[in-house]
Each structure stands twice: as C-alpha cells, then as structure tokens.
S.K.: 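Got a structure here, written out as structure tokens. Questions coming.
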Amino acid sequence: VDNPACSIAAPCRGFAAAIAATNAGGEVIVQDSGGYGPVTIAKSVSILAPAGVYAGISVFSGNGVTVATPATTDKVVLQGLVINSQGSNGNGIHFTGAGTLEVARTRVSGFQSGSGVRFDPAIGGEGRLHAVDLALAGNDEAVAVLGGLLSADTASAVLERIEAIGNTFGLYIDSFADIVVVDSTIAQNIIGVYTLTSASTLVLLTVDRCAVSRNLAGFDVGNDTGTTYITITGSTLAHNRNWAVSAGNNSTTRLAGTTIAQNAVGIQLQAGGVVESQGNNFIWGNTTNGPAPTVVGSK
C-alpha cells in the first residue's frame, strides 16, 4: 500500500508515490527487496537501492524510468535497479529532459523494440550522462545517445564498466554527441558500435581499455554525411564475424595500442573513411586484415 507520508515507519509501496512525496534534491531509499513499478521523474532526486536489496521494475508498456527534468542544473541518480521488459515497446531508462543523469549498478534487459538506456536530451537541454557498472542484454540498443542537429544540443556521456551483451546495437550514437567509454565489454551484439552522423553534425567518441568482440560487426562508423572522430586505445577487437572496424563517410578512426585479430575483416574503408595509427597496434590473424592504417607517429 502506498502511504502518503512515505516515512520509514510507513513506507511507500511504489516508486511513483515515493517520488511524489520527495522534495527536489531528496532521496528515495529502497528498504526491502521487491518490485516497485515504473516511474516518471521531473525534478532532481535520487533512487538508491543498497547492495543486496533487489529493486525491480517490471515494464509491461512504455518506459521503466522516464527522466524529464526541465533545468540544466537538475540531477537524477539511479542506483541498484533491475529493470525488465515484459513485452513493452518502450525503453528501460529514457532521458528526455535537461541536466545530468547518473546510473550505477543497474541491469536493464529485454527491451527488444527500444533501448536499455536511451539518452535523448530535449532541444537546448545540455544533457549529461554518467553510467557505471551497467549490464544491458536483450535490448534493441543497449545504450543510445542521441544528440540534436545543432552543436548547442550535444549529448555528452561517460560510460564506465558497461557490459552490453546480446543486443542489436551495443552502443548507438546519432548526431551531435561527445562520448567516452572505458573498461567496458561490448560483445555478442549484431553491431557493437554504430554512429549515424546527420548532415553537419559531429560525433566524438573515445574508447579506452575495452573489448569489442564476438559481434556480427564491431565498429560501424561514419554513416550519413556528418563528421565522426573515433579514438580507440588499449582495446581488443576480436572474433567479430564480419569486420572489426568499418570506417565510412567523413570518419576518422585513430588507433593506439589496440589489437585487431581473428575477425573476418580487420579494417574496412568505405568512401571517405580514414583509419590512422600510432604504429603500435597488433593487426594480424584476420581472414582479411584490410588496408594498413596511415601511420601518423607519436608526438
């Protein structure tokens, strides 16, 4: 039963009631394991589930968590959640507002027609995403970062220790976006990393100490007519059934200290695509290694 006070002595039964009873800047603490239902958040607030407490959201339609904060100073924190689709055509977590979203120790699965985490800031929203220790499986896009068509609408994201396994897309990026991915695994997806850069937009992607392996295709970048810059350092791209890196129109992929091995194709260049190397990568043992990167040397 949802109690209006939502006190420790008389706690709320669902997240929606708890958020309604919490002041901006406050915290919702999950006391006991259970299912707490979908919720829409339109103010700065935190939902925190301590380690060892199961905080579930079963989603039959729509989104599990919708974040529609109005101000660039707003901040929402989600920690320790388990979000499962039960046939929903929505998303696990959908950010549509402004400000900052932090997600930690969370699992999102089964959103076959949507995203595990869909980060789509409102126009002029200046959205920032920080996600750490996420497990995402069985979604269309594990993480989708969707910027706007103007540089003022760049979507910024830092993803740490992400496991995107068994989705259609591990990481899907569209239009103005600036993204850092570190210490993460992107595996057994149809496409590991995909960029769709609309005309006159720019994607900046940094990948460090990551494994992009056993996908149908690893990196598929430079789609459409915008500009894409990708830096891949200290990573392993292996056992992808089609290619490790396919660099398309107006894209530059820079490699340093990275292994590209045992893929069907190591590097594939489309019209207008460029791959550069610091000269310290291991590209070998692929069915077809592909064209050698342009060595630019260290500076």
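None of these values were measured; they are calculated from a predicted model.
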S.K.: Which pairs count as ring pair (Phe, Tyr, Trp, His ring centres under 6.0 Å) when at least one residue sits in residues 96-152, sequence neighbours excluded?
M.R.: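 As it turns out, the ring pair (Phe, Tyr, Trp, His ring centres under 6.0 Å) pairs with a partner in residues 96-152, which skip direct neighbours, are F95-F119.
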S.K.: Would you say R128 and T100 are linked by a side-chain donor-acceptor pair, where the criterion is simply a distance under 3.5 Å?
M.R.: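 Yes, because at least one side-chain N or O of T100 sits under 3.5 Å from a partner of the opposite role on R128.
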S.K.: Would you mind reporting whether L136 and L134 have side-chain heavy atoms less than 4.5 Å apart?
M.R.: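 The answer is yes, as the side chains (C-beta and beyond) meet within the 4.5 Å cut-off.
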S.K.: Got a second to check how far S175's OG is from L150's CG, nearest 0.5 Å?
M.R.: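 The distance works out to 10.0 Å.
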S.K.: Less than 4.5 Å apart, side chain to side chain, heavy atoms only: is that true for N263 and W243?
M.R.: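 Result no, sub-4.5 Å side-chain heavy-atom pair not found.
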S.K.: Is the count of non-hydrogen atoms from other residues, nucleotides or ligands lying under 6.0 Å from Q31 atom CD greater than 12?
M.R.: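 Counting other residues, nucleotides and ligands, CD of Q31 exceeds 12 neighbours.
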S.K.: Does a side-chain heavy-atom distance below 4.5 Å link N289 with I260?
M.R.: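 A side-chain contact is absent here, since even the closest heavy-atom pair is not under 4.5 Å.
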S.K.: Any side chain to side chain donor-acceptor pair (under 3.5 Å) involving residues 176-187? Give me the pairs, sequence neighbours left out, ordered by first then second residue.
M.R.: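 Side chain to side chain donor-acceptor pair (under 3.5 Å) check on residues 176-187 returns D183-R209.
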S.K.: List in chain and number order the residues that pass side chain to side chain contact (heavy atoms under 4.5 Å, CB included) with S200, two or more places apart in sequence or in another chain; answer none if no residue qualifies.
M.R.: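 Here no residue qualifies.
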S.K.: Not counting sequence neighbours, list each pair that qualifies as a salt bridge (charged side-chain N to carboxylate O under 4.0 Å, His left out) and has a residue in residues 260-281.
M.R.: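 Passing the test, one end in residues 260-281: R254-E276.
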S.K.: Is there a donor-acceptor contact under 3.5 Å linking the side chains of N250 and T227?
M.R.: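 Distance-only check fails for N250 and T227.
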S.K.: Quick one: ring-ring contact (aromatic ring centres under 6.0 Å, His included) partners of Y194, sequence neighbours excluded?
M.R.: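 Y194: ring-ring contact (aromatic ring centres under 6.0 Å, His included) contacts with F169, Y172.
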S.K.: Quick one: does L237's side chain get under 4.5 Å of S235's, heavy atoms only?
M.R.: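 L237 reaches S235 side chain to side chain.
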S.K.: Looking just at side-chain N and O atoms, do S115 and N139 make a donor-acceptor pair shorter than 3.5 Å?
M.R.: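 Distance-only check fails for S115 and N139.
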S.K.: For a quick test of reading the model, state the closest non-hydrogen atom pair linking R241 to R214 and the distance between them.
M.R.: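 Minimum heavy-atom separation between R241 and R214: NH1-O, 4.1 Å.
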S.K.: How about V65 and V67: do any of their side-chain heavy atoms sit closer than 4.5 Å?
M.R.: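 Heavy-atom side-chain distance check passes, below 4.5 Å.
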S.K.: Do T236 and T259 get their side chains close enough for a donor-acceptor pair, meaning under 3.5 Å?
M.R.: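 Looking only at side-chain atoms, T259 and T236 do not form any donor-acceptor pair under 3.5 Å.
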S.K.: Distance-only check: which donor-acceptor pairs under 3.5 Å involve side-chain atoms of residues 70-82, not counting sequence neighbours?
M.R.:
unit_1	atom_1	unit_2	atom_2	d
D74	OD1	S44	OG	3.2
D74	OD2	A71	N	2.9
K75	NZ	E102	OE2	3.2
Q79	OE1	R105	NH2	3.3

